[in-house]
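See structure below.
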Amino acid sequence: MKCSNINSKPPSENNPSPVPPGKESSDFIREIIREDLRTGKYQGRVHTRFPPEPNGYLHIGHAKSICLNFGIARDFGGKCNLRMDDTNPCKEEVEYVESILEDVRWLGFDWEDRMFYASDYFEQIYLWAEELIQKGNAYVCELTADQVRDTRGTLTQPGRESPFRNRPVAENLELFRQMRAGKFPDGSRTLRAKIDMASPNLNLRDPVMYRILHAEHHRTGDAWCIYPMYDFTHGQSDSIERITHSICTLEFENHRPLYDWYIRELGIYAPQQIEFARLNLTYTVMSKRKLLELVKGGYVRGWDDPRMPTISGLRRRGYTPEAIREFCARIGVAKVEGTVEISLLEHCLREDLNKRAPRVMGVLKPLKVVIDNYPEGQVEQMEAVNNPEDAAAGTRQVPFSRVVYIEEDDFREDPPKKYHRLAPGKEVRLRYAYLITCTEVIKDPKTGAVVELHCTYDPATRGGNTPDGRKVKGTIHWVSAAHTLTAEARLYDYLFTKENPDVVEEEGKTFLDNLNPNSLVVSPFLVEPGLAGATAGERYQFERLGYFSVDPDATPERPVFNRSVTLKDTWSKIEKAQGKER
RNA sequence: UGGGGAAUAGUGUAACGGCAGCACGAAUGACUCUGGAUCAUUUAGUCUAGGUUCGAAUCCUAGUUCCCCAGCCA
């Protein structure tokens, strides 16, 4: 039984979630765009872009931005570009570029023929720098990084002007050309914009436009040894691409006056920048720096570790693009900085998978059950429903025999109140099989642990039916001991033990001290034999346990299942509440 | 401390001077061959203080709290 129906749609489909009329999403950015459309500000054009820096893998926060930018283009019949903001050769790598392309595509978005790199514009940006020099708007500064910092002033005090600030244009031009020609060592000179060292906005205190970096760029190689700063690149890149609405996160609000200054002085097309709050999620971290630290420090197995909030991690974990898109739609867009509860993400996955994931059975903590009155050597094929939410998913045969394994948790020698499962003398239903009654409990004489149960079955209840109409509260899952396939389960929990991992109780501790030591538990998994040969990416619901997806580490002999998310567990809540009563 | 932003149930997000709504969470019940799903019900909110107005989450004034900015990172 394959799970192809829940594989993501081909990337060519640029319309991942057609919006039913009346259900169009709305937020303050779309409001602005509607207004711009009404007033004809951009002649009816809507053109956005998603501009990541290829210095790490994309995470769920980027998904929010991707859904926003591509979603707006879709909703308003516009376009959305994909652009790598690759102005810092020291941090950027092709591996990251490739992962970004894969992730955006997997999420279901299509940039068509509009894949760009800021580095494609290096020559134009260089020319613009010369233009500003000509206009007397920029100068070559020989202050060291430390000196620049010292002369920048503080939040309350103005900075001091560089001694090189009033160099003649011709000298600046000559020096800048020598910078490009590689005449100077790294850090010895910068090109600075001549704006206002007393500005209350520190970004306008003669910001650096170009720095010298004798570093190999992932695309331009060694063609350049000077590189433009992000601030001197981003706005112009948007301008070149004729972007109408440059949507970015809140921390760039302070930079907008600088972008506007460059655009104005250069006299080029001006996009409109709109800022929104980035996504924060409980029990995880979202900064690329911290994510990098987790990877480099070996705290996780890689960028695509299923515990990571990266797109590739979520994908490996078993998340669907549909669930992530739905999540992004539900969290909305605003300027308030907040933290979304991870339970909403989990809800979106469950909601999606409930409709589509085939059900199967598997036992994590096996307890042997011998059905004494069931004929030895007999095997019956039980018909099981593949998905009660989807009749078209059909049924399958599951082998049943005299010895089965059930979940350790599904038996209590001394059952608490409201416990509906197996206990001495009690009857439960083995899902799709028979009703059984516990007659004997066998324990390890040394430890006292229950090691085996003996039961009797009611032959009249084949398939789990009760012809006499009697009600049985408990239905539990099982696997036939003689037919079980041993798989591996990877049970994931939150990566951190704290809602906000950055909150540390002692000075000197970091988010790493809040790592959850139990975020991954590997366990043998006894699953029904039909799962042999399960292939990577398939998603299943193991009844009563949760949704799992097949990990790429799986082999035909030994499937590996990642637990994507557990099922909601009402019983554990009841039990917890009972524990508190005592 | 200068500048730039933001404050609506536990969380996220609507309401654009006219009934504070939705989702997640939590709780209760119904139903159930998954203690799943589904259905029903409940819970709980406009940062504070003034003002304008017939009427304020929305407008005005003052205050409070939180976030961002002192990279040759993005």
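Reminder, nothing fancy here: chain letters follow the sequence lines and each chain counts from 1. What's counted below: heavy atoms across the whole structure, side chains too, no hydrogens, waters or symmetry copies. Predicted, not measured: the structure shown is a model, and the values here were computed from it.
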- Mind checking which stems touch RNA chain B? I mean at least 3 consecutive Watson-Crick or G-U pairs, both distances under 3.5 Å. B:2-7 with B:64-69, B:10-13 with B:21-24, B:25-30 with B:38-43, B:47-51 with B:59-63

- Item | Length of the line joining A/Asp410:CG and B/U34:C1', which is rounded to integer Å | 11 Å

- Query: What interatomic distance, in whole Å, is found between C1' of B/C22 and the corresponding atom of B/U46?
  - Reply: 16 Å

- Task: With sequence neighbours excluded, tell me which residues meet ring-ring contact (aromatic ring centres under 6.0 Å, His included) with A/His477.
- Result: none

Contacts under 3.5 angstrom, residues 49-61 of chain A side chains, donor-acceptor by atom type, not counting sequence neighbours:
unit_1: A/Arg49; atom_1: NH1; unit_2: A/His234; atom_2: NE2; d: 3.1
unit_1: A/Arg49; atom_1: NH1; unit_2: A/Asp238; atom_2: OD1; d: 3.4
unit_1: A/Arg49; atom_1: NH1; unit_2: A/Asp238; atom_2: OD2; d: 3.0
unit_1: A/Arg49; atom_1: NH2; unit_2: A/Ile247; atom_2: O; d: 2.4
unit_1: A/Glu53; atom_1: OE1; unit_2: A/Asn55; atom_2: ND2; d: 2.8
unit_1: A/Asn55; atom_1: OD1; unit_2: A/Lys288; atom_2: NZ; d: 2.6
unit_1: A/Tyr57; atom_1: OH; unit_2: A/Glu95; atom_2: OE2; d: 2.7
unit_1: A/His59; atom_1: ND1; unit_2: A/Gly61; atom_2: N; d: 2.9
unit_1: A/His59; atom_1: ND1; unit_2: A/His62; atom_2: N; d: 3.4
unit_1: A/His59; atom_1: NE2; unit_2: A/Met286; atom_2: O; d: 2.9

- Query: B/U32 P sits how many Å from A/Glu543 CD, rounded?
  - Reply: 17 Å

- B/G71: syn or anti, per glycosidic angle within 90° of 0: syn

- Item | Whole angstrom value for the distance that separates P of B/G25 from CG of A/Leu349 | 13 Å

Distances for protein N/O vs nucleotides 10-13 of chain B N/O pairs under 3.5 angstrom?
unit_1: B/G10; atom_1: N2; unit_2: A/Glu341; atom_2: OE1; d: 3.0
unit_1: B/U11; atom_1: O4'; unit_2: A/Glu341; atom_2: OE2; d: 3.1
unit_1: B/U11; atom_1: O3'; unit_2: A/Thr339; atom_2: O; d: 3.1
unit_1: B/U11; atom_1: O2'; unit_2: A/Thr339; atom_2: O; d: 3.0
unit_1: B/G12; atom_1: OP1; unit_2: A/Thr339; atom_2: N; d: 3.1
unit_1: B/G12; atom_1: O2'; unit_2: A/Ile331; atom_2: O; d: 2.7

- Task: Establish, for the pair A/Arg189 and A/Phe184, whether the NZ or CZ atom is under 6.0 angstrom from the six-membered ring centre and no further than 45 degrees off its axis.
- Result: yes

- Reckon A/Tyr419 touches a base, only the sugar-phosphate, or nothing at all at heavy-atom distances under 4.0 Å? base

- Task: Evaluate the ring planes of A/Phe122 and A/His217, with Trp represented by its six-membered ring, and classify them as parallel (under 30°), tilted (30 to 60°) or perpendicular (over 60°).
- Result: perpendicular

- Query: Looking across every strand, which nucleic acid part, if any, lies under 4.0 Å from A/Gln541 by heavy atom: base, sugar-phosphate, or nothing?
  - Reply: base

- Spacing of A/Asp409 atom CG relative to B/G35 atom P, expressed in whole Å: 13 Å

- Query: How many Å lie between CD on A/Glu275 and P on B/A6, as a whole number?
  - Reply: 10 Å

- Can you check the A/Glu326 CD to B/C24 P distance for me, whole Å? 10 Å

- Residues two or more places apart in sequence or in another chain: which of them pass side chain to side chain contact (heavy atoms under 4.5 Å, CB included) with A/Asp569? A/Trp571, A/Ser572

- With the sugar-phosphate defined as primed atoms, P, OP1 and OP2, and the base as all remaining atoms, what B/S/- string results for nucleotides 37-43 of chain B, 5' to 3', for protein heavy atoms under 4.0 Å? S------

- Hey, does A/His347 reach any base, or is it just sugar-phosphate, or nothing, if we go heavy atoms under 4.0 Å? sugar-phosphate

Any N/O pairs under 3.5 Å between the protein and nucleotides 18-20 of chain B? List them or say none.
none

- Task: Using the C1' atom on both, measure B/G10 against B/A44 and round to a whole Å.
- Result: 8 Å

- Residues in side chain to side chain donor-acceptor pair (under 3.5 Å) contact with A/Arg470, at least two apart in sequence or another chain: A/Glu427, A/Asp458, A/Asp468

- Side chain of A/Arg167, backbone of A/Val140: donor and acceptor closer than 3.5 Å? yes

- Query: Which part of the nucleic acid, if any, lies within contact of A/Pro158, taking any heavy atom under 4.0 Å across all strands shown: a base, the sugar-phosphate backbone alone, or nothing?
  - Reply: nothing

- When you measure from every atom of RNA chain B, which of residues 464-478 of chain A have a heavy atom less than 4.0 Å away? A/Gly464, A/Asn465, A/Thr475

- Side-chain N or O of A/Arg544 less than 4.0 angstrom from OP1 or OP2 on B/G35? yes

- Item | Closest contact, heavy atoms only, A/Thr461 versus A/Leu435 | OG1-N, 3.0 Å

- Message: Can a donor-acceptor pair be found, under 3.5 Å and without considering hydrogens, that links the side chain of A/Thr151 to the backbone of A/Val148?
- Response: yes

- Query: Taking it one step at a time, do A/Arg278 and A/Glu251 satisfy salt bridge (Lys or Arg N to Asp or Glu O under 4.0 Å)?
  - Reply: CA-CA 9 Å; A/Arg278 65 184 331 141; A/Glu251 67 269 30; 2.9 Å; yes

- Rounding to the closest angstrom, what is the interatomic distance between B/G29 and B/G36 at atom P? 13 Å

- Message: Go through it in stages, so that I can follow the logic: the residues are A/Arg462 and A/Glu380, the test is salt bridge (Lys or Arg N to Asp or Glu O under 4.0 Å), and I'd like the CA-CA distance, side-chain angles, deciding distance and then a yes or no.
- Response: CA-CA 10 Å; A/Arg462 189 175 196 280; A/Glu380 288 182 85; 2.4 Å; yes

- Message: Does the plane of the ring in A/Tyr230 sit parallel, tilted or perpendicular to the ring in A/Phe252? Use 30° and 60° as the thresholds.
- Response: tilted

- Task: Write down the atom of A/Val385, the atom of A/Arg359, and the distance for their closest heavy-atom approach.
- Result: O-CB, 4.4 Å

- Message: Using 30° and 60° as the class boundaries, would you call the ring planes of A/Phe542 and A/Phe525 parallel, tilted or perpendicular?
- Response: tilted

- Message: Measuring only the C1' atom in each nucleotide, how far is B/A7 from B/G63? A whole number of Å is fine.
- Response: 14 Å

- Task: Write down the atom of A/Leu281, the atom of A/Thr339, and the distance for their closest heavy-atom approach.
- Result: C-CG2, 3.7 Å

- When the C1' atoms of B/A74 and B/U58 are considered, how many whole Å apart are they? 37 Å

- Query: Atom CD1 of A/Ile32 and atom P of B/C16: how far apart are they, to the nearest Å?
  - Reply: 17 Å

- What pairs with A/Arg30 under salt bridge (charged side-chain N to carboxylate O under 4.0 Å, His left out), at least two apart in sequence or on another chain? A/Asp27, A/Asp75

- Task: Answer with base, sugar-phosphate or nothing: what part of the nucleic acid does A/Glu31 contact at a heavy-atom distance below 4.0 Å?
- Result: base

- Message: Generate the contact string for nucleotides 69-74 of chain B. Rules: B means base contact, S means sugar-phosphate contact only, - means no protein heavy atom under 4.0 Å.
- Response: BBSBSB

- Task: Round to the nearest Å and state the distance from A/Tyr432 atom OH to B/U32 atom C1'.
- Result: 12 Å

- Message: Is the ring pair A/Tyr117/A/His218 parallel, tilted or perpendicular, if the boundaries are 30 and 60 degrees?
- Response: tilted

- Item | Donor-acceptor contact below 3.5 Å, side chain A/Arg350 vs main chain A/Leu345 | no

- Taking only residues two or more places apart in sequence or in another chain, which ones pass salt bridge (charged side-chain N to carboxylate O under 4.0 Å, His left out) with A/Glu346? none

- On a whole-Å scale, what distance lies between the C1' atoms belonging to B/U41 and B/U8? 24 Å

- Classify the side-chain pair A/Ser239/A/Gln236 by whether it contains a donor and acceptor separated by less than 3.5 Å. no

- Determine the Euclidean distance between corresponding P atoms of B/G21 and B/C16; express it in Å to zero decimal places. 13 Å

